[in-house]
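Chain naming here is simple, since letters A, B, ... match the order of the sequence lines and numbering starts at 1 in each.
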2 protein chains.
Amino acid sequence: MTIKEIAKLANVSLGTVDRVIHKRGKVSKKTEEKILAIIEKVNYQPNIYARGLVLNKSYTIVALVPSFIEGEYWEMPSKGIKMAEKNLSQFGVNLNILYFDQNSVPSFNEKVDELLKLKPDGVILAPVINFEAVKLTKKLESGKIPFSLIDSNIPNSKALSFIGQDAFQSGKLAAKLLCSEINSQGTISIISIKNNENHNKTLQQRIEGFKDYIYNSNFIANITLIENNIHLGTANWEENLMQACTPTNNTVGIFVPSSMIHHVAKCIEANFDTMSNIKLVGNDLIANNVKYLKKGVINYLIGQRPENQGYLALESFYKHLVLGKSVPQKKYLPLDIITQENLMYYNDDVV
Amino acid sequence: MTIKEIAKLANVSLGTVDRVIHKRGKVSKKTEEKILAIIEKVNYQPNIYARGLVLNKSYTIVALVPSFIEGEYWEMPSKGIKMAEKNLSQFGVNLNILYFDQNSVPSFNEKVDELLKLKPDGVILAPVINFEAVKLTKKLESGKIPFSLIDSNIPNSKALSFIGQDAFQSGKLAAKLLCSEINSQGTISIISIKNNENHNKTLQQRIEGFKDYIYNSNFIANITLIENNIHLGTANWEENLMQACTPTNNTVGIFVPSSMIHHVAKCIEANFDTMSNIKLVGNDLIANNVKYLKKGVINYLIGQRPENQGYLALESFYKHLVLGKSVPQKKYLPLDIITQENLMYYNDDVV
DNA sequence: TTGTAGGCGTTATCAG
DNA sequence: CTGATAACGCCTACAA
């Protein structure tokens with residue numbers, strides 16, 4: 001059903017129908033009602049090709065995400081965003097990725113300036129440097145530029161959508177898997193490994209979830225928890241890590257609430273004679289982690305579909321700007337449990 | 001870059017450029033080469049809106065899948081196909097779902113006739129009744145109607161794409177999970193439950209994968225396997241099932257290689273005083289299974305994203321027919337491990 | 001308040 | 001062999 005046909009049905013011209021459809025006024029109430037009724041009745045759907053052709057709009061979306069070196073976590077969301085661009089560029093969605101250094105506020109602000117100069121129609125933001133990210137969202141809000149958040153949320157922000165994972169639940173899941181592997185008894189070591197200075201809410205929530213599971217289980221009496229913090233790049237981080245890995249009493253399991261578990265796995269592997277029965281659970285399917293999962297040093301990895309997060313973030317703008325559809329305000333991606341046995345089908349998994 | 005601009009660059013009219021692009025001949029070699037070079041250089045991409053508008057083609061895709069009652073497995077692929085239609089109908093992809101009775105060859109053939117009468121531009125087929133399905137694919141091939149297979153494959157068929165799961169690997173994964181739960185010792189019962197008469201390759205492959213894992217593990221000596229077959233709807237299937245569930249010797253785990261594990265779970269729950277420590281692993285997130293997973297009667301479910309399978313099947317025709325893109329010939333969806341802890345984010349998971 | 005005409009980029013047809 | 005032109009459905013400016 002076209003506008004022309006509706007016009008004929010209503011005995012008006014197609015200009016009038018168009019004005020009704022777009023609520024541009026200047027139509028008498030009577031004809032408006034008549035046209036609306038017809039539109040309703042025939043369930044008129046605009047032809048998106050014709051609309052796309054005449055509007056021929058193109059949208060600039062800028063993504064502001066942490067820089068990375070090959071194999072690091074942030075490569076994956078970037079990859080997903082780029083894949084989405086490949087599919088969506090033909091619909092007028094143009095992408096511009098800006099990378100900032102997670103450890104440098106000036107670098108972030110520099111990129112923010114660059115971003116604003118591009119006058120984007122939408123922004124994808126990874127709020128890793130939380131405080132600065134919040135400032136940016138305020139600016140975007142006042143500039144009426146819609147933004148989507150990936151990875152972690154900024155509560156109370158007016159984001160078009162948040163796409164990420166439920167970190168607390170991720171921690172609970174990790175605890176469940178580790179407990180099942182260690183038969184629910186012994187000492188578990190939680191090792192937080194970070195490569196930046198920022199307060200990492202995700203890490204914290206995973207740890208809380210992990211503890212929550214154990215505290216509320218009925219074998220809590222059989223389990224001891226130890227916590228360690230390692231800061232990559234500091235003077236003696238490797239020694240500290242080695243110490244954290246070394247079995248105290250009867251360490252039977254290690255949980256690393258980040259993608260950095262491969263550092264622990266490397267440690268364990270180097271001392272496999274004494275440590276081979278320590279079970280490892282961590283997050284994220286980055287190449288280094290996968291390597292140790294395949295070797296059996298890591299027992300479970302929990303995935304959060306980072307490529308998908310990136311893909312969906314750009315797609316949310318496509319839906320919002322191009323199709324004019326509504327998009328879910330919050331999207332938690334599934335927490336995938338990855339083992340040697342199902343690893344192979346989790347690789348090319350971007351929609 | 002538009003055809004018009006290319007025409008100007010090449011000092012020809014846009015008609016000529018169009019003939020080159022569509023290889024319709026009647027262009028001198030010299031001008032053709034010149035135009036091709038320009039197209040290459042400027043990386044010309046046709047405007048899909050304009051193309052869609054003028055072609056204004058619509059495609060009829062017919063899906064032929066098993067009928068179901070609410071909550072059964074086949075509801076999920078159907079749901080996925082319908083969701084895809086919702087997104088793709090505006091691009092001219094029209095869907096027609098035909099349901100056949102898995103236990104009735106005549107019903108299948110009746111639907112095949114109906115299908116052929118619709119003169120579809122593409123067919124989505126669930127080859128559950130294998131022999132008849134093969135016959136249909138032959139007809140489609142000779143009629144040059146492309147088809148996609150979902151759920152299980154027909155090797156050597158000329159399908160546009162197959163979208164399903166690796167059933168063998170699914171069985172291996174089930175074994176791994178069950179072994180981890182039962183601490184790798186005791187008697188495991190494999191209970192095949194079917195609701196139709198067809199030879200079910202998927203079931204068979206899952207069982208083979210399951211055995212393969214155990215035979216190749218180093219705790220094979222500690223595990224005993226028992227196999228049972230239950231045929232839903234036969235005279236005394238409930239008694240048989242009850243018998244199969246009853247612990248012999250030291251049954252510690254049960255594997256049901258289909259979506260029918262809720263029948264076993266019901267059994268176990270009814271005798272929870274004596275059977276509460278039997279671990280259950282099965283397939284598919286249907287409502288009945290989820291219920292027992294939440295209760296803790298079922299320990300793990302393995303998902304195969306059936307909605308996604310349906311969605312991707314229809315989308316493969318969109319990509320093929322509308323966008324003219326190539327689609328992967330074979331797509332195995334990930335084998336998701338579902339527990340109480342990650343269940344909640346696996347529900348609205350269709351792309 | 002309403003109707004009309006031109007144009008978006010592509011395809012396909014028809015006349016040269 | 002090549003160029004000109006109508007049409008697809010929608011939007012917008014402008015005329016009535």
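No more than 12 heavy-atom neighbours from other residues, nucleotides or ligands sit within 6.0 angstrom of NZ on Lys57(A).
Protein atom CG of Asp18(B) is 15 Å distant from nucleotide atom P of dA4(D), rounded to whole Å. Taking atom NZ of Lys26(B) as the reference point, atom P of dG3(D) lies 15 Å away to the nearest angstrom.
Taking 4.0 angstrom as the limit, Arg24(A) places a side-chain polar atom (N or O) nearer than this to OP1 or OP2 of dT12(D). Within the 4.0 Å cut-off from OP1 or OP2 of dG3(D), at least one side-chain nitrogen or oxygen of Thr16(B) is found. For dC11(D), neither phosphate oxygen OP1 nor OP2 lies less than 4.0 angstrom from any side-chain nitrogen or oxygen of Tyr49(A).
For the pair Ser67(A) (side chain) and Phe100(A) (backbone), a donor-acceptor distance under 3.5 Å is present.
Side-chain contact, Gln90(A) with Gln45(B): no donor N or O sits under 3.5 Å from an acceptor N or O. Thr137(A) and Ser157(A) share no donor-acceptor pair across their side chains, judged by distance under 3.5 Å alone. With hydrogens and angles left out, the side-chain atoms of Tyr49(A) and Asn56(B) include no donor and acceptor closer than 3.5 Å.
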Run the numbers on Tyr346(B) and Asp336(A) for side chain to side chain donor-acceptor pair (under 3.5 Å), then give the verdict.
CA-CA 9 Å; Tyr346(B) 273 99; Asp336(A) 295 319; 2.2 Å; yes
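Remark: Glu315(A) CD to Asn87(A) CG distance equals 9.0 Å, nearest 0.5 Å.
On the nucleic acid side, DNA chain C contacts chain B at distances under 4.0 Å to non-hydrogen atoms, with the end points of that region at dG9(C) to dA12(C).
Between Tyr59(B) and Tyr318(B), the gap from one ring centroid to the other reaches at least 6.0 Å.
Of the two residues contacting DNA chain D, namely Arg19(A) and Arg19(B), the nearest-nucleotide position lying further toward the 5' end is that of Arg19(B).
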Short heteroatom pairs, N/O only, protein and nucleotides 5-8 of chain D, under 3.5 Å:
{"residue": "dC8(D)", "atom": "O2", "partner": "Val54(B)", "partner atom": "N", "Å": "3.4"}

